Amino acid sequence: MDLMETADYRCWLNYGRVEDEALCRHYREWCSRIVTPIPAAGATLALSELVTGIQQLTAVQPDIAVYPSGQQGILFGLLESAPFSAGLVTPEEKAELNEEGFLLKTVSQPGPYLLLTARTEQGLLYGVFGLLRLLQSRRRLDRLQMVETPKNPIRMLNHWDNLDGSVERGYAGNSFFYRNNELTANLERVRDYARLLASIGINRIVVNNVNVHPEETKLIDCRLGMVEKLAEIFRPYGIRLMLSINYASPMEIGGLPTADPLDPEVRQWWRQRVEVIYKRIPDFGGFLVKADSEHRPGPFTYGRNHAEGANMLAEALAPYGGVVIWRCFVYNCQQDWRDRKTDRARAAYDHFQPLDGAFASNVILQIKNGPMDFQVREPVSPLFGAMPATNQMLELQITQEYTGQQIDLCYLAPQWKEVLDFDTYARGEGSFVKRVVNGSLFQRPYGGMAGVANVGDDPNWTGHPLAQANLYAFGRLSWDPDLSVEEITEEWVKATFGPDPEVGATISRMLLSSWRIYENYTAPLGIGWMVNPGFHYGPNVDGYEYSRWGTYHRATCHGIGVDRTMASGTGYTGQYFPENARRYEDVATCPDELILFFHHLPYTHRLKNGKTIIQHIYDTHFAGVEQVKELIQSWGRLKGKVDERRFRQVEERLTKQLVAAEEWRDVINTYFYRKTGIPDQHRRKIYP
């Protein structure tokens, strides 16, 4: 079977024929003729994509003309090389366009025409995907006025792929980049992936795991040719390649006795390595670094701090326009559970905030959305906004490590939107995370969003077909974090499954409810971590409770939660700006969904809805199972309306999710019933 012929492989680039004949005629009127100084279809990637999309959506092959003739159509070309656009683009529109933006509007003269223009080929390609998205959404074209520019300079995917073909925290098969320490034979799939990413505005990609093993260390040396080939594939789509690097590379592949960032020989070694990389890959993006974290080497070995470690690499990359993205996931992973004051949640802030202003201008700190590790619910990291003199970017986990591993349906866009819209108060009210990470709040030159990729070599890319929505939503939110979750969801459903109203409403409803459903039957009230150690799927309430990883719930027979207050706990609340610090410090104002993250409370404590904590635990876990059953029923009603292949795939995953939800319900409820002796008010089945 040719995978490219299957809807699940094409994802949201399913350009299905427009079946509404009146609307199809409307599209043909506007799109059957393309006027462009580009001489023929296929001369550029953007024009080729435009022609292909129109042909598949309308069953008409557009004519290509060089000069307008008054006949209705599309005016298509670069802003400075399309003379027919003279007088059609206002000074304000021109000023608004950056190197990646595009202008799409309806003009009456000459024509009428759709004008699609941009400053660069990359912007034109984004504009083409923007126009085709409108057609997939069945929007009319006679009154368009769009100037779109990405809100985030860097919109990046982090792949945790290893050269042996495995993917760390991968739930969709093996790597489609690598196999047996070589590139895979199917590089056409890599090209298809680049096209998918360009369609949602991704402009950078890290092609190896942040935990850099010996073979991956060689990607900056004898295996650089592999990176060069991948760069050639991604380049036409406006995507710059980056590499995760091993901080000990000067020792492991360079033969030096040290990797001390202040050692002159080490600095020279990195300068020479970078020079070689840029000679072969002129648009190379730079390095992603996980250092001094979870046993990875870093500057701490030599008594140096993170700024000294990052700046050494930044110095080597700066002449070529490269950046260093330095992960802030640094904490003590050898913690003694008996220690009640050391708090993993504090670690990123404590390590990095004192270094504000010490990092080079081409260093970007990559900060996880929360202070722990991609839990289904945790507060926003207080490090956002706390370093006004330092570039910052947001790291999200698209791959569902702690959120169902692409077996359970868990659409993460609502969670990400909450993070982006969180007000840090760093410069008073309105200092949202999205303004911190795009650089606008502090006028920083670099910033953006990074997502840990959720794809593999499964035929449908993500294992669970509906998990494709997480990849799509990440791209759209990184392009424009002001988009609503509902708007993004509707776009994805229509592009992926077509315009059927029942299909659209059902899948949208399933997606939009799924995060809260998953939270209901897993860890309650912000506590997190009640998973099987290492594997991170399925319930294990005490799995991490006495471990070295610093991930505790502190449950006793009397109460549960971690006291992170200034008054009596670890002092974590004090890392926030005063408005948020006061809110989290006080039980009366702390949001219920995070109450156990910040406070240790008795099971009889009443939440704002009037329920006790213990009754909330029982109710949500019973409700979560019933909600999964409702998901199964909703999906079942789409039989015959969704292609059989995808229908079966989702049905199978939902069936597995129900088994998992029932296990979570019974384990969690039984644990706390045995711990407390407090029965469920509704006398439902709990195992004594």
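Only a predicted model underlies this, so the values are computations on that prediction, with no experimental measurement involved. Reckoned from all heavy atoms, side chains included, excluding hydrogens, waters and symmetry mates.
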| field | side-chain hydrogen bond (donor to acceptor under 3.5 Å, both in side chains) assessment of Tyr331 paired with Glu294 | value | CA-CA 8 Å; Tyr331 66 98; Glu294 298 181 333; 2.6 Å; yes
| NZ of Lys368 to CG of Asp373: how many Å apart, nearest 0.5 Å? | 3.5 Å
| field | side-chain hydrogen bond (donor to acceptor under 3.5 Å, both in side chains), paired with Thr570, selected from Asp343, Thr565, Asp563, Thr342 | value | Asp343
| said: For a 4.5 angstrom cut-off between non-hydrogen side-chain atoms, does Tyr126 reach Pro150? | reply: no
| Less than 6.0 Å separating the ring centroids of His621 and Phe672? | no
| remark: Result for salt bridge (Lys or Arg N to Asp or Glu O under 4.0 Å) between Asp480 and one of Lys434, Lys151, Arg155 points to Lys151
| request: Determine, stepwise, if the pair His464 / Val650 fulfils side-chain contact (heavy atoms from CB on, under 4.5 Å). | output: CA-CA 6 Å; His464 197 314; Val650 174; 4.1 Å; yes
| message | Tell me every residue that passes salt bridge (Lys or Arg N to Asp or Glu O under 4.0 Å) with Asp666, counting only those two or more places apart in sequence or in another chain. | response | none
| query | Regarding Arg564 and the six-membered ring of Phe597, is the cationic atom NZ or CZ under 6.0 Å from the ring centre and inside 45° of its axis? | reply | yes
| task | Could you tell me if the ring centre of Trp635 sits under 6.0 Å from that of Phe647? | result | yes
| field | Ile398 CD1 to Leu412 CG distance, which is reported to the nearest 0.5 Å | value | 9.0 Å
| request: Calculate, to the nearest 0.5 Å, the distance between atoms CD and CG belonging to Gln649 and Asp8 respectively. | output: 5.0 Å
| task | Give the ring-plane orientation class for Trp12 versus Tyr472, where under 30° counts as parallel, over 60° as perpendicular and anything between as tilted. | result | perpendicular
| note | Those residues at least two apart in sequence (or on a different chain) that pass ring-ring contact (aromatic ring centres under 6.0 Å, His included) with Trp416 are none
| remark: The ring-ring contact (aromatic ring centres under 6.0 Å, His included) partners of Tyr584 (sequence neighbours excluded) come to Tyr576, Phe598
| Do the side-chain N and O atoms of Gln627 and Tyr521 include a donor-acceptor pair separated by under 3.5 angstrom? | no
| said: Is any side-chain heavy atom of His351 closer than 4.5 Å to one of Asp292? | reply: no
| Value rounded to 0.5 Å, distance of CD in Gln575 from CE in Met566 | 9.5 Å
| request: Nearest 0.5 Å please: distance from the CZ atom of Arg476 over to the CG atom of Leu471. | output: 13.0 Å
| request: For side-chain contact (heavy atoms from CB on, under 4.5 Å), just list the numbers for Glu148 and Trp479, CA-CA rounded to whole Å, side-chain angles, deciding distance to a tenth of an Å, and then say yes or no. | output: CA-CA 9 Å; Glu148 282 205 17; Trp479 178 274; 2.9 Å; yes
| request: Working to the nearest 0.5 Å, report the span between CG of Leu631 and NZ of Lys629. | output: 12.5 Å
| task | Answer yes when Asp421 and Lys417 have at least one side-chain N-carboxylate O distance shorter than 4.0 Å, and no when they do not. | result | yes
| task | Before giving the answer on side-chain contact (heavy atoms from CB on, under 4.5 Å), spell out for Ile367 and Phe352 the whole-Å C-alpha distance, their side-chain angles and the decisive distance to 0.1 Å. | result | CA-CA 10 Å; Ile367 307 166; Phe352 288 93; over 6 Å; no
| query | Got a salt bridge between Arg516 and Glu593, using NZ or NE/NH1/NH2 to carboxylate O under 4.0 Å? | reply | no
| said: side-chain contact (heavy atoms from CB on, under 4.5 Å) for Arg509 and Thr506? Distances and angles first, verdict last. | reply: CA-CA 5 Å; Arg509 189 166 55 249; Thr506 300; 3.7 Å; yes
